[in-house]
Enquirer: 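I have a structure here, written as structure tokens, and I will follow up with some questions on it.
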Amino acid sequence: MPLALLALAVGAFGIGTTEFVVMGLLPGIAAEYGVSIPTAGLLVTGYALGVVVGAPLLTVLGGRVSRKRMLMLLMGLFVVGNVLSAVAPSFGLMLTGRVVASLAHGSFFGIGSVVAAELVAPDKKAGAIATMFTGLTVANIVGVPLGTFIGQAVGWRATFAVVAALGVVGLLGIARLVPAAPRPEGARLRGELKAFRNPQVLLAMAMTVLGFGGVFAAITYIAPMMTEVAGYSEGTVTWLLVLFGTGMFLGNLLGGRYADRALMPLLYVTLGGLAIVLALFTVAAHDKVLSAIAVLLVGALGFATVPPLQKRVLDQAHGAPTLASAVNIGAFNLGNALAAWLGGTVIAAGFGYTAPNWVGAILAAAALGLALWSAALERRTPAVEADAPEAVDAGARVPVHH
């Protein structure tokens, strides 16, 4: 794998850390600004919504510059957002800093996925995407616990300052290691929007929303589930999150390895397995050992879907993959927000802290149904891509895996 992927992974590590570390810092932030915990939770919601909006917006605005330069600009925006969060004198400015940082998230991963795929041979594209996403998974194993520790020991502002420094390292790495390439010829908004006329692109994004939403329906409420149902102490929740991050790391590696060989069968296995594990988690949550195993498997099966789904979008978007790739990253966060809301709704309705697992199982099963539908449609649709104008683009020559 090219060394340039390391620079992309460093950027992904910083983004992953700032996205999730705030969950462990909410009590301190709420206390300093004199707001309630639910109000401080807007820092999580605001970030997720910023990703959904920023992914297509900045990708479209950046269509007139080279992808390398756009990646550098996005990392610069990320640094500015985290610096603002670190020094914000009021909660409103803190929230603004979070939103500014989040705007870079979707576009960075979307454009980064395209760049990573272009750096390697066609049969290694999913592996290259997975290598970049390794930074995101490692952030959950190392960055989030370390950032939480720094925040508790020194103060939460120090955590965001360190994350901003990581962004600077990522920016310099991209400037030094990512090869310069001209803006793709013919890359226009109208051409990028054509990708969304393909039902396969829309189905892949819907799988993203539902599949990863299944993961976050359960994991968003892991703290009360593990303490109130499984019987873990509050201090142990951090290590359970590390276990979840470890599962994400392993799943990402496996997903990247096998997506290049059998993309759709991999989705059948991971989405089906995720639905089963989440359903069983409802019972397993009452046992410490079984619940820990379930947390690991949810992370592994959930993130094993990321490289194949991202590659599926790239394959199906043909000659205009950039906007579709970025929007798919927004779809992950849309799934997170939707699932967290649904999980909270069933808890509020009195079904208990394990009820979100059933929500997640239903979402994952629905994603599996869409995957089977997508494959059925593809088998019935004549292969007309060779006659399409987009076929002259190198991206159209990427083989679609069945």
Side-chain angles (χ1 to χ4, degrees), residues 137 140 203-204 206-232 236-237 240-252 254-255 258 264-306 308-309 331-376:
T137 58
N140 285 273
L203 281 171
M207 283 184 259
T208 297
V209 173
L210 296 175
F212 216 67
V215 174
F216 269 78
I219 296 303
T220 299
Y221 302 98
I222 186 175
M225 191 191 313
M226 294 295 98
T227 55
E228 300 295 331
V229 180
Y232 282 104
T236 311
V237 173
L240 289 170
L241 289 174
V242 172
L243 188 63
F244 172 69
T246 302
M248 292 173 66
F249 176 77
L250 296 174
N252 181 60
L254 291 174
Y258 291 105
M264 293 307 291
L266 175 64
L267 285 177
Y268 304 152
V269 172
T270 54
L271 291 172
L274 181 61
I276 293 172
V277 169
L278 285 168
L280 294 176
F281 197 4
T282 307
V283 177
H286 294 273
D287 181 87
K288 286 187 176 181
V289 175
L290 292 179
S291 62
I293 294 174
V295 168
L296 177 68
L297 290 176
V298 168
L301 291 168
F303 223 83
T305 66
V306 175
L309 284 173
F332 282 105
N333 284 269
L334 180 60
N336 297 353
L338 173 65
W341 174 74
L342 289 173
T345 299
V346 295
I347 291 176
F351 291 102
Y353 288 122
T354 61
N357 295 332
W358 278 113
V359 173
I362 293 171
L363 292 175
L368 174 60
L370 291 181
L372 294 170
W373 184 21
S374 175

Enquirer: Measure the spacing between OG1 of T208 and CG of N333 and express it to the nearest 0.5 Å.
Expert: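 Atom-to-atom, T208:OG1 and N333:CG are 11.0 Å apart.
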
Enquirer: Side chains of I362 and V359, heavy atoms from C-beta outward: is any pair under 4.5 Å?
Expert: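 Side-chain contact under 4.5 Å: no.
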
Enquirer: More than 12 non-hydrogen atoms from neighbouring residues, nucleotides or ligands closer than 6.0 Å to CZ on F351, yes or no?
Expert: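 Not buried by this count: 12 neighbours or fewer within 6.0 Å.
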
Enquirer: Take F332 and V306 through the test side-chain contact (heavy atoms from CB on, under 4.5 Å) and record every step on the way to the result.
Expert: CA-CA 9 Å; F332 282 105; V306 175; 3.7 Å; yes

Enquirer: What's the shortest heavy-atom distance between V346 and P356, and which atoms?
Expert: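 Nearest pair, atom of V346 first, then P356: CG2-N, 3.9 Å.
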
Enquirer: Quick check on Y221: does its OH atom have over 12 non-hydrogen neighbours (other residues, nucleotides or ligands) under 6.0 Å away?
Expert: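 Yes, enclosed.
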
Enquirer: Within the 4.5 Å heavy-atom criterion, are M248 and V215 side-chain neighbours or not?
Expert: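 Of all side-chain heavy-atom pairs linking V215 with M248, none is under 4.5 Å.
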
Enquirer: Between T305 (side chain) and L301 (backbone), is there a donor-acceptor pair under 3.5 Å?
Expert: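 It does not hold such a pair.
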
Enquirer: Would you compute the distance between atom CD1 of I293 and atom CG of D287 and round it to the nearest 0.5 angstrom?
Expert: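 Interatomic distance, I293 CD1 to D287 CG, rounded to 0.5 Å: 8.5 Å.
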
Enquirer: So, taking the atom named CG in L241 and the one named CD1 in I219, what distance separates them when rounded to the nearest 0.5 Å?
Expert: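 One finds 7.5 Å between CG of L241 and CD1 of I219.
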
Enquirer: Dump the intermediate steps for side-chain contact (heavy atoms from CB on, under 4.5 Å) on V295 and F281, then the final yes or no.
Expert: CA-CA 8 Å; V295 168; F281 197 4; 3.9 Å; yes

Enquirer: Return yes if some donor-acceptor pair links the side-chain N/O of S374 with the main-chain N/O of L370 below 3.5 Å, else return no.
Expert: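 Flag not set: sc S374 to bb L370 has no pair under 3.5 Å.
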
